[in-house]
Structure formats: C-alpha cells, structure tokens
Number of protein chains: 2
Amino acid sequence: MTRETLRSAARASAPTFSPLYRQIKDFLIGCLERGEWRPGDVIPSEGELAQRFNVSQGTVRKAIDEMAAENLLVRRQGKGTFVSTHSDPRAYYRFLRLMPNDGIAVPSVSEPFYCQVVDAPPEVAAVFGLAPGGAVVHIKRLLRFGGEKVVFDQIFLQAEFFPGLTLELLRAGERSLYSLLESDFGVRMISAEEHLRAVAADEECAALLGVQCGEPLLLVERTAYTYGNRPVEWRKGLYCTRNHYYRNELG
Amino acid sequence: MTRETLRSAARASAPTFSPLYRQIKDFLIGCLERGEWRPGDVIPSEGELAQRFNVSQGTVRKAIDEMAAENLLVRRQGKGTFVSTHSDPRAYYRFLRLMPNDGIAVPSVSEPFYCQVVDAPPEVAAVFGLAPGGAVVHIKRLLRFGGEKVVFDQIFLQAEFFPGLTLELLRAGERSLYSLLESDFGVRMISAEEHLRAVAADEECAALLGVQCGEPLLLVERTAYTYGNRPVEWRKGLYCTRNHYYRNELG
DNA sequence: AAGTGGTCTAGACCACCGT
DNA sequence: CGGTGGTCTAGACCACTTG
C-alpha cells in the first residue's frame, strides 16, 4: 500500500481533509477490530509501518500516540508496541473505581451465582438496539473486598456474541470477567459510561449484601463499548458505601 | 535563555534525564503559576517560543500538546494558543457531572445563602494541611435545575487566599464560582478528585432539598487542586438523584 | 498577505531491552 | 550487539483566521 493509496482513499470516501496519521490510525484500528493483532501481541515496529505506508516515522508515531492515549495500545521502550489487554493483571481493575475508606487496598473476589440466557428486559434491549425480547445472558454476582460483601452486580451481555458462557466458566480461574470475555470470545471492552444514583436497598439486595432493607446504596449503571462504540454490555451494580467510596478524577 | 541553559539546569537539579520539551513545559507552567499569562490570554506563538529557547518548533509543540491535553492551554488554529479559563461559558460546568434523566439539559442556577469565615473542621484542616482551627471560608448553597432543588453544597476555601469573599460577591453576576475565584482572586482550579457515597438525608438537607428525611442522597466530596497539585477547595455536595444522575466516562 | 497552528519529511542521535 | 521506542532538528507546505 502506498501513500497515494491512502490519500486517494481519503478523498474518495470523504471530501473533508483527513491527515495521513489519521488514516494510518484508522487502518491500525481496523486491524484490531478484525482481530489480526490480538490482545497482548506486539504490533509491527514504527519503522516497519512507516515503510509499509511509505510515510515517515513521525507520522506513524503520531497515530500510535493517539491510540496509546486511548488505551488501545501500550508502548514499551526498547521492546515494542503492544495491543492492550484486560488479561494483564495491572488492567484487571481498570474500570473499577471502588476504594476502601482507609486507603488500604485489599484483594477483591468475584462470586458469580447466576448465569442464564433470558429475554432482554426493555431497558437492556434499548441499549443494545435489540428487538424486544432478544436473547441476552444475565449474570448475577457478588463482589467481596477482604471478605466483606460490597457489590451486587447484574450483568447483561448480547447472547449471540457469547455462546457457551456458563456459570462454571465464570467461576473457573482467577481472571477478571473482561479478561475472560476477551480471551474466550474475542470481545474487548475499550470504554464505558456509568450513571450513578443513590437508592434504597430493596429486599433482594439487602439480603445479598447483608444490610438493612432501605439502607442507602450507590446504584451504578454501566454501558460498556467495544471498537466502534458498539455497546456489548450493560450492567447494574449496587454498591454498599459504608466502608468504601467511588473514586473519580476530574480534569 | 539558551538551550544550554535548559540542559545544564536539568543536570544540576536532577541526575535523571529530562527531555527538552519537558523543561519547556515546566517553564510554561511556571509562567502560568506566577500569573505572567492570565486566563484567556494568548501565549507567544510556537515559532517565537522556539526562537526564545533555541529549539525547533516541534519541541515546543510537544510541550504545548501535553499541556493542552491537561486542559492547561487551548489551541485555536489560525489564532494562537490560549490560557484555559473558567470564565469561558463553555467551561462553566467542566467539573459538574450531573445530568437530567431525560437528557434534556436545562439551565442550572446557583443560590448561595451562607458565607462565613470559620475555624476549619478537622477533616477540612487535614486536607489543606492547616493547623486545627485555621481560618476557612464556609459557603452553603443550593443548585437548582429548571427550578428544581437538586444539590446542597457546602464549600470550604482557605481563607488567606480569598480575602473579602462575601455572600454579596457570590450572588453578584452570572459567572460560576470557579470563574469568580479565578478572576477576582487569581486562584485557578485545574483538577479535582471526587469521592462518592450513598447516604440518608438528615433533617437539614431534607428540608433544604425538599425531600423526606432518610431519603437516599448521593454524597459527593470533592478536593480541588490548583497548579502543583495544591489543594485549595474542599466541598461536600448532597445530590438528589430522583430526576438526575452523575455521569462518568471510563477509558 | 501575514501570522498562527497543523501536518509531514528525512535523518540524526539517545535510552532501553534483549541476546 | 541489534532492534525498539523516545527525542530533536531544519525546513517545507497546508489550513485557518484576521486585517
């Protein structure tokens, strides 16, 4: 593929100016989407990509810079550039913002106890753009921090993307849910949006979390997206915030 | 100032390697801290800065790129690079994550009703690193969205930085609190950390927000920082999340 | 037309990692 | 040592804004 190929493709598909590094970035994202490079893999070096596209190293560099800023790639000096992965223990809790009040981090343990394919509730169908009653996997689990029951999660996934996802599979191994979805089903979560509210505990979750019925809980609704901002997960978490808080940084 | 000045300064102060663009960034941040360029001002052009430091445009560019990514500067093609400001209406709600359930944005109105210099409560003194009982300004206010009472804020500021801050001043004009603190006291908020919990409404805030005593509310504690990660504000907000939610994006 | 930021190049050298 | 990412240059040209 030559530089001219890139330029002409841009002009053909859109009259708006698209810089070279943007086109290269789009190409790299395409490789990730199509699974040509899998999570944890090294991608070709900057020099090699520059040759392949007939551009200078700096142009490839700018494309990779942006993708690294978006957590799609990870640079490691002297080694190469790698596809981000949830299987890296350092990324296990990338999306979990819960912190203990006293600041002392303790290991968290996930205890899934329910996993069934069900008709999508209307709210979930709307998020996924499914027909009402489309098939989704419904997971319920408890998260413990140092033994203490802190979070009750209800997770919904589009069933067609996760055939054979069972409670046994969820319970096997130490990896995080996103790590499992990534390695066993090829679906990678890259961003998410959360909506937070305060609610009163109902009977079910009061029993599960071991709190009084009516106790204030933090309700966290999350929509998670894969490449191309396609929603693939919706979840509803109830957090007991007696000994923990949800941490957020504003820039 | 020459390139050699930059290099030798780096070697003298620290044995660790510090790239040129880093040193230039530090210099630019210093200018902002010392108030040499004020919010809303244009800073010198990339070419001029490159000449001044005896480096190439690309090096200056990288320094400015990072600062733009941190919201310290704003680039405007064809016009120049500007110091970020809370006085820009587009930045009024930079730190406010509250959204209406129905997605229809309505204007918010701040109603401060209390402003006194008081001894710092222990929690606040700890955040500011003040001696117990140090002087802080204590502000109470209500935030309304389309007339509806939604947030009860209690705000604490280090008194020494804000002499003459009164209820009248807070009530005057349309600008946001951070815009006022920036233009009238020269203190600019650049980042913040929030801790969220669910709590039950006590009598005071139930009355203020017009909800039942015991109703679940979202408790948002914020520490806001100015240049150099110096904390200058601590606030405690109680959000009624019946018709609104706290929105957060995870990357 | 002049001035600004935005893109791109070709090549150099440095810092880091593995063998 | 060779290969990788990280820094830096000097200069070119493009895109946008303003006078």
Side-chain angles (χ1 to χ4, degrees), chain A residues 1-11 14-28 37 40-69 72-84, chain B residues 1-11 14-28 37 40-69 72-84:
Chain A
M1 179 177 283
T2 68
R3 181 194 312 177
E4 292 313 313
T5 310
L6 285 174
R7 288 200 195 281
S8 55
R11 303 221 186 276
T16 64
F17 172 67
S18 175
L20 270 181
Y21 76 86
R22 229 306 171 200
Q23 301 171 48
I24 289 166
K25 182 180 170 185
D26 289 342
F27 175 86
L28 297 178
W37 302 325
D41 286 354
V42 201
I43 73 169
S45 73
E46 295 179 354
E48 189 182 329
L49 289 169
Q51 277 197 329
R52 190 184 303 183
F53 294 122
N54 209 345
V55 300
S56 73
Q57 189 210 17
T59 301
V60 171
R61 202 170 164 72
K62 174 137 185 168
I64 293 178
D65 274 345
E66 288 198 359
M67 294 175 70
L72 295 176
L73 300 175
V74 177
R75 319 188 85 129
R76 288 187 215 154
Q77 189 174 53
K79 300 172 80 173
T81 302
F82 299 77
V83 181
S84 306
Chain B
M1 179 177 281
T2 68
R3 182 193 312 178
E4 291 315 311
T5 309
L6 285 173
R7 288 199 194 281
S8 53
R11 302 221 185 276
T16 64
F17 171 69
S18 175
L20 272 180
Y21 76 85
R22 231 304 172 200
Q23 301 171 48
I24 290 167
K25 182 179 171 185
D26 289 342
F27 174 85
L28 297 177
W37 302 325
D41 286 355
V42 200
I43 72 169
S45 75
E46 294 179 355
E48 189 183 329
L49 289 169
Q51 276 197 330
R52 189 184 303 183
F53 294 121
N54 210 344
V55 301
S56 73
Q57 190 210 15
T59 301
V60 171
R61 202 170 164 72
K62 175 136 184 167
I64 293 179
D65 273 345
E66 288 197 0
M67 294 175 69
L72 295 176
L73 299 175
V74 177
R75 319 187 84 130
R76 290 187 213 155
Q77 189 174 54
K79 299 171 80 172
T81 301
F82 298 77
V83 181
S84 307

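Source: prediction; values computed, not measured. Computation of the quantities below employed the complete heavy-atom set of this structure, encompassing side-chain atoms and omitting hydrogens, waters and symmetry-equivalent molecules. Lettering of chains follows the sequences in order, A, B, ..., and the numbering in each one begins at 1.
- Of all nucleotides listed (D/dG5, C/dT9, C/dG6), D/dG5 comes nearest to the side chain of A/Gln77.
- Taking 4.0 angstrom as the limit, B/Arg61 places a side-chain polar atom (N or O) nearer than this to OP1 or OP2 of C/dG6.
- For A/Gln77, there are no side chain to side chain donor-acceptor pair (under 3.5 Å) partners, not counting sequence neighbours.
- For the pair B/Ile43 and B/Ile64, the minimum side-chain heavy-atom distance is below 4.5 Å.
- With axes fitted over five pairs at each extremity, the angle between the ends of the helix from C/dA1-D/dT18 to C/dG18-D/dC1 is 10° (10° resolution).
- When rounded to the nearest whole Å, the span between CD of A/Gln57 and P of C/dC8 equals 15 Å.
- Computed from coordinates, the A/Glu66 CD to C/dC8 P distance equals 11 Å when rounded to whole Å.
- Here D/dT4 presents its C1' atom at 14 Å from CD of A/Gln51, a figure rounded to the nearest Å.
- In this view, A/Gln57 and A/Glu46 satisfy the side-chain contact (heavy atoms from CB on, under 4.5 Å) rule, not counting sequence neighbours.
- Straight-line distance from the CZ atom of B/Phe53 to the P atom of D/dT7: 18 Å, rounded to whole Å.
- Annotation: side chain to side chain donor-acceptor pair (under 3.5 Å) contacts of B/Asp41 (sequence neighbours excluded): none.
- Between A/Thr81 and D/dG5, a side-chain N or O to OP1/OP2 separation shorter than 4.0 Å is present.
- Nucleotide C/dT7 holds its C1' atom 12 Å from the CG atom of B/Asp65, rounded to whole Å.
- Nearest nucleotide to the side chain of A/Ser56, out of D/dT7, C/dA10, D/dT9: C/dA10.
- Residue-level contact check: A/Arg76 touches the backbone only, with heavy atoms under 4.0 Å from sugar-phosphate atoms and none from bases.
- If you check D/dT7, C/dG5, C/dT9 against the side chain of B/Lys62, the one that comes closest is D/dT7.
- Between A/Thr59 and C/dT7, a side-chain N or O to OP1/OP2 separation shorter than 4.0 Å is absent.
- Look at CD1 on A/Ile64: it is 14 Å from P on D/dT7, rounded to the nearest Å.
- At whole-Å resolution of the value, CD1 in A/Ile24 and C1' in C/dT9 are 12 Å apart.
- An OP1 or OP2 oxygen of C/dG18 is reached within less than 4.0 angstrom by a side-chain nitrogen or oxygen of A/Lys79.
- Which of C/dC8, C/dG5, D/dG5 sits closest to the side chain of A/Glu46 comes down to D/dG5.
- If you check C/dG5, D/dT7, D/dT4 against the side chain of B/Arg75, the one that comes closest is C/dG5.
- By the side chain to side chain donor-acceptor pair (under 3.5 Å) test, B/Lys25 is found to be paired with B/Glu66, B/Glu70, residues two or more places apart in sequence or in another chain being considered.
- Between D/dC8, C/dG5, D/dG5, one nucleotide has an atom nearer to the side chain of B/Leu20 than all others, and that is D/dC8.
- Under the 4.5 Å side-chain criterion, counting only non-hydrogen atoms from C-beta, A/Asp65 is not in contact with B/Asp65.
- Closest non-hydrogen pair, B/Trp37 versus B/Pro44, comes out as CZ2-CD, 3.5 Å.
- Qualifying side chain to side chain donor-acceptor pair (under 3.5 Å) partners for B/Arg22, counting only residues two or more places apart in sequence or in other chains: B/Asp26.
- Summary of the strand contacts: A/Arg22 and B/Glu48 both lie near DNA chain C, and taking for each the nucleotide with the nearest heavy atom, the more 5' one is attributed to B/Glu48.
- Rounded to an integer number of Å, the gap from OH of B/Tyr21 to C1' of C/dC14 is 13 Å.
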